[in-house]
Amino acid sequence: MNSDSDLQIAGDILEVPHLLQTPREHPATVAEFVGLARSIAADRSQWEHLVRYDAISRWYHRLRTGPGYEVWLLSWVPGQGSGPHDHGRSSGVLTVLDGTLTERTERGTRALRAGAQHVFAPGYVHEVLNDALEPAVSLHVYYPGLTEMPMHTAQHCEARSVPGVVTA
């Protein structure tokens with residue numbers, strides 16, 4: 001049995017400054033954008049006081065910007081939806097903060113409950129809606145920042161039978 005600990009083998013990492021990576025001020029990878037969304041979601045004090053509910057249309061607020069990215073906060077009362085759309089040249093991370101949202105794509109329909117995250121690439125066509133009985137709140141990170149949101153016909157989001165995907 002070896003009694004050497006990892007620290008004894010590798011040495012104290014704090015004593016080897018060239019191995020430490022300086023934390024980035026702004027995210028630059030998909031994993032870092034997901035991490036940004038998770039950290040904002042976990043700290044309700046950053047967003048909860050800003051949420052408004054609008055019975056006429058989805059409410060939204062740009063929460064943060066950084067070099068080449070934006071973070072948006074949206075609220076959805078029951079019955080509100082986005083319509084089928086994509087995000088142009090932007091990739092994104094959708095995080096549900098409160099409630100449940102439904103996402104429809106040509107591959108199927110899925111419920112996204114509080115805590116759920118979905119990462120998507122440019123050109124990804126989907127429709128997001130609140131078909132639950134309670135309001136919902138979501139966080140959206142776009143890279144690069146959102147400059148267009150082309151709308152599509154409903155046929156782009158009609159569910160087909162796909163193994164492993166729940167359809168409604």
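Predicted model, so just to flag it, every value in this text is computed and none were measured.
Considering only heavy atoms from C-beta on, Q117 comes within 4.5 Å of R38 through its side chain. Side-chain contact between R89 and P144: present, with at least one pair of heavy atoms (C-beta onward) separated by less than 4.5 Å. Here the side chains of D131 and P78 are not in contact, with every heavy-atom distance at 4.5 Å or above.
Among residues two or more places apart in sequence or in another chain, the ring pair (Phe, Tyr, Trp, His ring centres under 6.0 Å) test is passed with H118 by Y124. Looking at residues two or more places apart in sequence or on another chain, you find a side-chain contact (heavy atoms from CB on, under 4.5 Å) between P122 and S91.
Taken together through direct or relayed side-chain contacts under 4.5 Å among Ile, Leu, Val, Met, Phe, Trp and Tyr, L129 and W72 form parts of separate hydrophobic clusters.
Through side-chain heavy atoms spaced under 4.5 Å, either directly or across other Ile, Leu, Val, Met, Phe, Trp or Tyr residues, L97 is tied to V30, F33, V34, L36, I40, W47, L50, V51, Y53, W59, L63, Y69, V71, L73, V77, V93, V119, V137, L139, V141, Y143.
In plain terms, the two heavy atoms of A41 and T95 that are nearest each other are CB-CG2, 4.2 Å.
Using a 4.0 Å cut-off between charged side-chain N and carboxylate O, R44 and D98 make a salt bridge. Using a cut-off of 4.0 Å between Lys/Arg side-chain N and Asp/Glu carboxylate O, R64 and E70 are scored as not salt-bridged.
Below 30°, between 30° and 60°, or above 60°: for H87 and H85 the angle between ring planes is above 60°, a perpendicular geometry.
With rounding to the nearest 0.5 Å, the separation of OH in Y142 from CZ in R62 is 12.5 Å. Separating the CG atom in D86 from the CE atom in M149 is a distance of 9.0 Å, to the nearest 0.5 Å.
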